[in-house]
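Have a look at the structure below, then the notes.
The structure presented is a predicted model; accordingly, all values stated were derived computationally and were not measured. Values reported hereafter were calculated over all heavy atoms of this structure, with side chains retained and with hydrogens, waters and symmetry mates removed. Letters A, B, ... mirror the listed sequences (proteins, then strands); counts begin at 1.
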Amino acid sequence: MQVAQIIVDVPTRQTNNAYSYSIPDHLVDQIEPGMRVQVPFGNRKITGFVVGISDESSYDGKLKPIASLVDLSPVINPELLDLASWLADQTYSFQISCLQTMLPGGMRTKNKKKLIAQNSQVIDQFPEIFHGQQEIDYNRQQYDNATLSKILAGQKNGDIQVEYDLTNHARPIMLKAYQGNLNAKQVDEVRQTVRKNAVGQLKLLSLIKQQPDTVFLVSDLASKGITSSTLKNAEAKGWVVAKLKRHIRNPFMRPAKKSQPLQLNADQQAAVSSIDEAIAAQKDQVFLLEGVTGSGKTEVYLQSIAHALSLGRTALMLVPEITLTPQIVGRIRSRFGDQVAMLHSAMSSGERYDEWQRINTGKAKVVVGVRSAIFAPLQNIGLIIMDEEHDSSYKQADNPRYQTRDVAKWRAAYNHCPVVLGSATPSLESRARAMKGVYELLSLPHRINRQALPHVSIIDMKIEMAKHHEALSTQLKDAIQVRLDKHEQIILLLNRRGYSAFLMCRDCGYVPRCPNCDISLTMHKDTHTLNCHYCGHTEPIPTVCPQCHSKRIGFYGMGSQQLEEQVKNLFPTARVLRMDVDTTRKKGAHEAIIDQFGAHKADILLGTQMIAKGLDFPEVTLVGVLNADSALQFPDFRSSERTFELLTQVSGRSGRADKSGEVIIQTFNPDHYAIRLAKTQDYEKFYATEMRIRHDGKYPPYYFTVKLTGNSASENQTVSEMFGILNFLKKQLSSNAIILGPTPKVITRINNQYYYQIIIKYRKEPNLKAALDDILVQSQKKQRRGIQIAIDNEPLDFM
DNA sequence: AGCACGCCGACT
DNA sequence: GTCGGCGTGCTC
């Protein structure tokens with residue numbers, strides 16, 4: 001008897017292992033690992049992933065049979081199946097969550113499936129399946145086993161395609177089309193009957209004579225001057241037959257112009273050669289490509305990808321969430337054309353689904369995408385690139401809490417291919433590994449056009465604030481005016497953290513706080529409410545202070561909305577664009593703003609982090625950073641690194657073309673090393689300084705870290721539970737391990753749940769893994785009493 | 001996640 | 001005496 005090992009879709013600790021099911025006779029040899037199936041579990045039917053097939057089961061009890069197939073072919077290939085179980089182990093999460101994250105969002109919704117005939121012969125061949133239709137609902141129950149085999153066979157040889165009926169808009173787009181129904185001789189006969197001035201009809205006839213097998217889209221025909229009425233007529237006369245043609249969405253928005261490889265400078269050439277060598281040698285070497293902004297990293301990527309493709313292999317390129325702009329995608333696509341698939345969260349689930357299909361079927365050879373694209377079902381990968389490798393969007397914030405870099409290395413080892421980590425400001429972890437020789441360091445120290453880096457000046461806001469209480473310093477205001485006069489562009493950056501505006505009573509100091517969370521409410525002018533960013537609580541803006549009844553209650557702090565108003569007041573003639581979470585929420589809005597600014601339809605672009613990265617605006621000659629140090633206030637060991645990265649990156653935004661640039665950084669900590677060294681763009685010195693601090697503080701990369709967070713509705717219970725964990729850990733770990741906490745999180749209460757955390761810092765703790773697994777198993781039992789435990793391996797912050 | 005099993009309070 | 005509260009544990 002054949003037995004399938006199945007991971008069931010029940011995300012709990014106790015069900016986090018494969019269950020055995022017997023394979024019913026009619027499914028023997030049809031079930032493969034990586035397919036999803038419906039299985040009886042307890043007294044209901046749920047979905048599961050087949051992860052293995054064997055002749056025997058280790059389970060003593062009686063096996064239930066698999067009920068039905070969800071997929072007719074695997075949706076998780078063998079590599080990703082292996083990866084999922086490694087990932088679950090690595091991130092202390094459930095196998096099912098890992099498998100699920102590997103599928104494009106739209107496919108996770110299950111149940112309804114459709115069969116689509118790929119050509120008319122198939123429709124005729126299987127009337128019992130298609131009933132003359134091109135597309136029919138697939139419902140397992142309505143077929144006997146013989147029919148099912150036919151479907152499976154058709155699916156294997158490409159006659160039949162399976163589509164998931166996705167609840168959102170992720171369904172295939174079918175466009176109306178026509179195909180000729182006459183042979184050449186018939187066309188010639190028919191042509192005699194048509195009036196000489198029936199241009200449309202004649203055109204149609206010659207088309208179907210020349211390309212009898214082509215299915216013409218109505219829209220294409222229309223552009224050739226063949227109207228829908230002509231087509232209707234032709235259909236009635238039997239010249240053509242109506243068809244539906246699958247339309248693959250094009251998420252690229254604009255067509256790509258073909259481009260050629262650029263001439264490389266010596267440094268780029270050296271980098272490309274090293275990478276090419278590793279690709280050819282099938283070596284899973286990790287390279288750290290370190291290059292200042294404008295040093296031509298992208299061209300190195302492109303030529304390395306080209307090399308992988310020339311060897312018949314595929315390539316995966318990852319970019320941070322915010323950097324995946326049409327600019328960069330356009331550049332890649334112009335080089336590699338339709339071989340490129342893109343995976344981005346701003347795409348609709350339909351677009352992502354289509355792209356995923358193109359990858360899974362091997363049509364796309366190059367994948368460009370954000371974090372989750374690391375799970376793209378590419379085969380025979382020859383190169384993995386992670387651009388801006390230090391970027392924090394590469395770490396997933398919720399389960400499975402993976403670090404993309406680690407997954408990339410895993411896949412590289414599996415595929416025997418190199419990984420290229422690129423950055424102007426590498427993460428300390430990566431740079432330290434490069435120094436130790438674990439990674440190979442490739443450097444691009446020069447800007448392509450040999451252009452000097454912009455002039456950076458630092459404004460001490462303590463002095464400014466003594467003079468006046470405005471967000472813009474005198475120097476920055478003057479500099480803006482100069483650029484406006486010269487008709488040049490300006491970028492103003494507001495550090496995301498701490499940019500929100502809050503309400504405060506000027507008499508008694510009262511600040512409205514969220515009733516469910518431990519933070520002050522932020523004001524939203526558009527809706528005229530006070531909102532909590534954590535739990536979504538909303539309340540009206542009070543006009544008198546609820547505490548002392550004073551009318552002197554007003555706003556403090558600076559949000560991007562407020563900044564926009566101020567800037568508009570100061571420079572009434574300037575055209576200002578704002579880019580932040582509010583203005584980019586709508587699909588395509590992000591691009592629209594970039595396009596507008598790129599076309600110089602605005603003078604000032606202001607916004608948060610998202611304008612700092614990856615954008616190339618040649619006309620920008622001034623970048624102002626309004627609150628460079630707001631990240632420094634945070635009690636986090638990475639805040640200096642974050643600040644340095646951000647400032648270095650925005651500085652690179654200025655003066656990339658022939659005009660020289662200027663950067664003005666406003667700060668309350670002008671002497672902080674992260675700010676001082678960003679001024680001179682001195683990564684080396686920053687690295688040395690920061691490494692010393694990390695060393696002394698026993699932080700990464702000198703120590704490994706794990707963050708354990710516990711939360712429950714009762715503060716007492718959370719604390720006592722966390723102390724229990726602390727004691728357990730103390731017993732399990734060596735005396736070299738440093739265990740911090742339990743401490744309340746910076747925001748202790750969110751949605752009436754109390755959060756406490758324990759940080760473990762260690763160098764070598766062979767027992768740690770088992771201890772943490774044990775804590776999770778234990779916590780599962782305690783969860784019923786309302787406490788939840790989350791483990792974050794190598795967290796990005798300790799907050 | 002569901003659902004059954006099982007051991008203690010207020011009801012026909 | 002019983003109905004049902006939800007704490008606990010299992011699901012191939």
Find the distance [X]:[atom1] to [N]:[atom2] and express it as a whole number of Å.
{"X": "Asn16(A)", "N": "dC10(C)", "atom1": "CG", "atom2": "P", "answer": "16 Å"}
{"X": "Arg13(A)", "N": "dC10(C)", "atom1": "CZ", "atom2": "C1'", "answer": "17 Å"}
{"X": "Lys62(A)", "N": "dT11(C)", "atom1": "NZ", "atom2": "P", "answer": "15 Å"}
{"X": "Asn17(A)", "N": "dC10(C)", "atom1": "CG", "atom2": "P", "answer": "13 Å"}
{"X": "Tyr59(A)", "N": "dC10(C)", "atom1": "OH", "atom2": "C1'", "answer": "9 Å"}
{"X": "Ile46(A)", "N": "dC10(C)", "atom1": "CD1", "atom2": "C1'", "answer": "13 Å"}
{"X": "Arg44(A)", "N": "dG2(B)", "atom1": "CZ", "atom2": "P", "answer": "5 Å"}
{"X": "Asp9(A)", "N": "dG2(B)", "atom1": "CG", "atom2": "P", "answer": "10 Å"}

Requested in this report: Just call it for Thr15(A): base, sugar-phosphate, or nothing, with non-hydrogen atoms closer than 4.0 Å on any strand.
Outcome: base
Report task. Have a look at Tyr21(A) and say if it touches a base, only the backbone sugar-phosphate, or nothing, with a 4.0 Å heavy-atom cut-off. Result -> sugar-phosphate
Query raised in the report: With stacking defined as ring centroids separated by under 5.5 Å and planes differing by under 30°, is Tyr19(A) stacked against dC12(C)?
Result: no
Query raised in the report: Excluding sequence neighbours, so at least two apart, what forms salt bridge (Lys or Arg N to Asp or Glu O under 4.0 Å) with Arg371(A)?
Result: none
Report task. Please identify each residue that fulfils salt bridge (Lys or Arg N to Asp or Glu O under 4.0 Å) with Arg401(A), with sequence neighbours left out. Result -> none
Query raised in the report: Parallel under 30°, tilted from 30 to 60°, perpendicular over 60°: which one fits the rings of Phe375(A) and Tyr402(A)?
Result: perpendicular
Query raised in the report: Under 6.0 Å from the six-membered ring centre of Phe41(A) and within 45° of its axis: does the NZ or CZ of Lys64(A) meet both?
Result: no
